[in-house]
2 protein chains.
Amino acid sequence: MEGGGPVVMPSRVVASRVPAVPAVPAVRKRGRPTADERRAREAQILAVALRVFLASGFGGATIDEVAAVAKVTKRTLYAYFGDKDALFVAMIKDLAVGVSLDAATDHGTLEALAANIIVRVHSEELVGLHRLVIAESVRFPELPRILYTHGDARHIARLAEHIRAERGTEHEALAEPLFSLLLGERHRRRLLGLTPPPTPAQAAEHAEWALGVLGLARRR
Amino acid sequence: MEGGGPVVMPSRVVASRVPAVPAVPAVRKRGRPTADERRAREAQILAVALRVFLASGFGGATIDEVAAVAKVTKRTLYAYFGDKDALFVAMIKDLAVGVSLDAATDHGTLEALAANIIVRVHSEELVGLHRLVIAESVRFPELPRILYTHGDARHIARLAEHIRAERGTEHEALAEPLFSLLLGERHRRRLLGLTPPPTPAQAAEHAEWALGVLGLARRR
DNA sequence: CTAGAATGACACTACATCGTCTCATTATCG
DNA sequence: CGATAATGAGACGATGTAGTGTCATTCTAG
């Protein structure tokens, strides 16, 4: 547990929903920008790139579209990120870090954590990210590890912490199978686009069930 | 070597990253083929397409490479399958059916079946197929359902049959969570290319463990 | 206030690749 | 034994897109 993690600039506005990016000031002015403007523009490009890549995949997405939606010219985009590959990698890394930060903000019982994890891993954002990384794992072999380290691994670690604190050290090893049970077939179907994400109520119910199956139900 | 005639540099050397093309009878003869030859050629194209698509993904794979490796001309390939999309869909469907047939040939105890399933779902072929379908699920929305129906769904159904026959009807509902536990985090990591497939011994051991966790160990 | 950094606008090059077309050739089928 | 279907060979057109060059313009930095 790297307790004091690196200070990450919260420049990225977590695009909770994909539909639109109206939160962008659409400032298309010329001339040399201030340092703040530059950071904002970079974050904006990354957010738009996420949307476009999620919608069309790496191959289907075009730089022109990213530039157009982000309200910058290709010239600027290339000045910031070099090329399409670098933009893609930067976008994935940025998002993975954001996911990691999100995951670090939970508190509560093991039951609540479990339900929370179920909801999170089924979210449009994480599922889409997973699909993208799987699809391009041949071209970008470093991305799967980044995603896993910041995603599943953190979830499992947090489950382990709670199990140890609330159920005893001897059950800590159940964190990983618990995670598998929490996701279950539903998540596999979700990755394939066959099932919608569960409601919070469904997630809570499933979490209770999974904890019961593994002998981790409250009060023992 | 190329002393006399005009040295024509091949505009692009087909980068066959495709591993070991199966002994393809390089019989590249002209003329009208017999019905058997036609069927064989079609199967050959599908087999080659699988390897090429697995190696490069849908976007990365080129028709030229498929045609070259399959030892047919693009002309023939298009005559058989119409276009790249149709070839891709035909290839996936063909493979899914094959997978389904494989899954129908198991017999033995629940323990053996479980271990067998673990090995199978971690195989290069199925993992690659999964990646392809996930990657192109936006472009080809019908493929995920085909894959799931012929893959996971059959595995779960077979587990349910064995549970009912060997453990009693009351435990049949555990087939799905059992499947999730059998795959576990290892399969998620495998999909991301982070872990090699398990050995048969590891699979058997993990199967025993999973059955035990769910109270499905032999002789309850 | 000045220098020059950064950008918009956008034409333009380079290149890959899908899918078609032409022609000669071969073998099957009626 | 023709008529013709099917193929090999490979050029070719059409299309899309990554990435660059150029020039004027705007505005920060110092």
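Here the structure is a predicted model, which means the values were calculated and not measured. Residue numbers begin at 1 in each chain, while the letters A, B, ... track the order of the sequences.
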For this session: Please identify each residue that fulfils ring pair (Phe, Tyr, Trp, His ring centres under 6.0 Å) with A:Phe140, with sequence neighbours left out.
Result: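 For A:Phe140 the ring pair (Phe, Tyr, Trp, His ring centres under 6.0 Å) partners, ignoring immediate neighbours, are A:Phe58, A:Phe88.
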Problem set entry | Results of ring pair (Phe, Tyr, Trp, His ring centres under 6.0 Å) for B:Phe81 - residues two or more places apart only |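 B:Phe81: no ring pair (Phe, Tyr, Trp, His ring centres under 6.0 Å) contacts found.
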Could you state the atom-to-atom distance from [atom1] of [X] to [atom2] of [N] in whole Å?
X       : N      : atom1 : atom2 : value
B:Arg41 : C:dA27 : CZ    : P     : 12 Å
A:Glu37 : D:dT28 : CD    : C1'   : 9 Å
A:Glu65 : D:dA18 : CD    : P     : 10 Å
A:Ile63 : D:dT20 : CD1   : P     : 11 Å
B:Phe53 : C:dT17 : CZ    : P     : 13 Å
A:Leu77 : C:dT7  : CG    : C1'   : 13 Å
A:Asp64 : D:dA18 : CG    : C1'   : 8 Å
A:Phe81 : C:dT7  : CZ    : P     : 11 Å

For this session: Taking the side chain as every heavy atom from C-beta outward, state whether B:Arg188 and A:Leu183 have any atom pair closer than 4.5 Å.
Result: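 Yes; the side chains approach each other to less than 4.5 Å.
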Exercise. In this structure, are over 12 heavy atoms from other groups packed under 6.0 Å from B:Glu125 atom CD?
Worked result: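 Not more than 12 within 6.0 Å, no.
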Problem set entry | Minimum-distance nucleotide (side-chain atoms of B:Arg38 versus C:dC18, D:dG8, D:dA6) |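 Nearest listed nucleotide: D:dA6.
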For this session: Look at the side chain of B:Asp83 and decide which nucleotide, out of D:dT17, C:dG19, C:dA6, has an atom nearest to it.
Result: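 Comparing D:dT17, C:dG19, C:dA6 against the side chain of B:Asp83, the answer is C:dG19.
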Using a cut-off of under 3.5 Å, enumerate the N/O to N/O pairs linking the protein to nucleotides 20-23 of chain C.
from: C:dT22; atom 1: O4; to: B:Arg75; atom 2: NE; distance (Å): 3.3

Problem set entry | B:Glu42 with B:Arg39: basic N within carboxylate O range, under 4.0 Å |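 A salt bridge is absent here (no side-chain N lies under 4.0 Å from a carboxylate O).
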Exercise. Do A:Glu176 and B:Arg186 sit within salt-bridge range, that is, some charged N less than 4.0 Å from a carboxylate O?
Worked result: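 No, no charged N to carboxylate O under 4.0 Å.
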Problem set entry | Rounded distance (nearest 0.5 Å) linking atom CG of A:Leu159 with atom CG of A:Leu174 |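 Separation between the atoms: 11.0 Å.
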Exercise. Does the side chain of B:Tyr80 get closer than 4.0 angstrom to OP1 or OP2 of D:dT7 through an N or O atom?
Worked result: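 Yes, within the criterion.
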For this session: Indicate whether OP1 or OP2 belonging to C:dG8 is found under 4.0 Å from a side-chain N or O atom of A:Thr76.
Result: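 Result: yes.
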